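Have a look at the structure below before the remarks.
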There are 2 protein chains.
Amino acid sequence: MTNSPSIGQAFTALSDATRREVFELVAERPRAVGELAAQVPVSRPAVSQHLRVLKEAGLVEDEAVGARRIYKLHPEGIAELRSYLDGFWSRSLRAFKAVAEAGDKEDR
Amino acid sequence: MTNSPSIGQAFTALSDATRREVFELVAERPRAVGELAAQVPVSRPAVSQHLRVLKEAGLVEDEAVGARRIYKLHPEGIAELRSYLDGFWSRSLRAFKAVAEAGDKEDR
DNA sequence: AAGGTGAGTTAGTCATTGCTTACCGTAAGT
DNA sequence: ACTTACGGTAAGCAATGACTAACTCACCTT
């Protein structure tokens, strides 16, 4: 229960293509902002803004190293999202199957 | 090796709060458009548009029943997204741990 | 101490999108 | 056939958001 970011924030964060790209680069290995900006077709401030969204969603964290800031994954936030999704899919599909079986019954 | 194109659509589809609400209603049990619109604080055409986004993302499917259209989950699309995400989280966290261990080594 | 480099913030622009109202096609009942 | 119910589509509007350029601050050289 640290700063439990809403699930909506995580979806929103990952719904933008550029932001997903940044996130995947960070996932490969920790990187500084300038390095990320070099791999992506937008300016450095834009990357900075994307990183802020990802950070507020609990998906990445940053660490100051001299004048640079190194961004890396925030595994706890990711695990949290992951387990939420697992529950979400299970619930949904369970309900779906329940309805399907009830439908079978009626059809007979 | 970025995204399979539909992954972004799925995230986008689920990033909107109203659309998540519609999706969860459909997940509970199949429903007609008007029924969904009655449960949600937006107009029927708005729900129609949300349903189209969800459908294009492969999350729901529809079936004509008389003059009504019944929307239900599209379990194959959901399973696809789910397994993509599982792979994604595993890859990411594996890379994260690899970096963490390499860092330990250097620190010694 | 001074210049250079790395990064977050602000202001402003332009495109996207979520919403509503109005309209149109289709199915079903009388 | 007419009418009513259901739902998708179109046009238009307001709000959100992704981006850039310009600024400022912090750190790291020399």
Side-chain angles (χ1 to χ4, degrees), chain A residues 3 5-26 29-74, chain B residues 2-3 5-26 28-74:
Chain A
N3 11 327
S6 79
I7 200 70
Q9 279 183 320
F11 278 122
T12 302
L14 293 174
S15 68
D16 181 75
T18 304
R19 211 146 48 212
R20 269 201 314 283
E21 204 174 328
V22 169
F23 179 70
E24 296 199 22
L25 287 168
V26 171
R29 59 181 155 86
R31 300 186 205 234
V33 179
E35 187 185 353
L36 291 167
Q39 311 277 336
V40 141
V42 299
S43 69
R44 192 193 45 71
V47 171
S48 235
Q49 290 165 1
H50 285 310
L51 286 168
R52 179 160 52 145
V53 174
L54 290 169
K55 184 179 170 184
E56 281 170 0
L59 296 172
V60 304
E61 60 188 351
D62 61 336
E63 179 195 2
V65 175
R68 300 204 302 269
R69 294 198 85 82
I70 307 299
Y71 280 81
K72 54 180 136 182
L73 289 192
H74 183 58
Chain B
T2 358
N3 303 307
S6 58
I7 291 305
Q9 280 183 325
F11 277 121
T12 301
L14 294 175
S15 69
D16 182 75
T18 305
R19 211 147 48 212
R20 270 200 313 280
E21 203 174 338
V22 170
F23 178 71
E24 296 200 25
L25 287 169
V26 171
E28 275 182 35
R29 61 184 154 85
R31 299 186 205 233
V33 178
E35 188 185 353
L36 290 168
Q39 312 276 338
V40 141
V42 299
S43 69
R44 192 194 45 72
V47 172
S48 233
Q49 288 164 6
H50 284 312
L51 286 168
R52 179 160 53 139
V53 174
L54 289 169
K55 185 179 170 185
E56 282 171 359
L59 295 173
V60 303
E61 60 187 350
D62 61 335
E63 178 194 2
V65 174
R68 296 199 306 230
R69 294 198 85 81
I70 308 298
Y71 281 80
K72 55 181 138 184
L73 289 191
H74 183 59

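A note on names: the letters A, B, ... follow the listed sequences, proteins ahead of strands, and every chain is numbered from 1. Since the structure is predicted, the reported quantities are computational estimates derived from the model, not experimental observations.
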Separation of C/dG18 P from B/His50 NE2 (nearest whole Å): 7 Å
Test item: B/Arg19 side-chain N/O and B/His50 main-chain N/O as donor-acceptor pair under 3.5 Å: no
Out of C/dT20, C/dA7, D/dC19, whichever nucleotide has its closest atom nearest the side chain of A/Ser48: C/dA7
Nearest-Å distance for atom pair OH/P, residues B/Tyr71 and D/dG7: 9 Å
Interatomic distance, A/Leu51 CG vs C/dT9 C1' [rounded to whole Å]: 14 Å
side-chain N/O A/Ser43 vs D/dC19 OP1/OP2, d < 4.0 Å: no
Side-chain donor/acceptor of A/Arg44 to base of C/dG8, under 3.5 Å: yes
d(CD, A/Gln49; P, C/dT10) in whole Å: 11 Å
B/Phe11 CZ - D/dG17 P separation (whole Å): 18 Å
Rounded interatomic separation in angstrom, taking CG from A/Leu54 and P from C/dA7: 16 Å
A/Thr18 side chain near D/dC19 phosphate (N/O to OP1/OP2, under 4.0 Å): yes
Side-chain donor/acceptor of B/Arg69 to base of D/dG8, under 3.5 Å: no
Sugar-phosphate only, base, or nothing, as touched by B/Ala64 at under 4.0 Å among non-hydrogen atoms: nothing
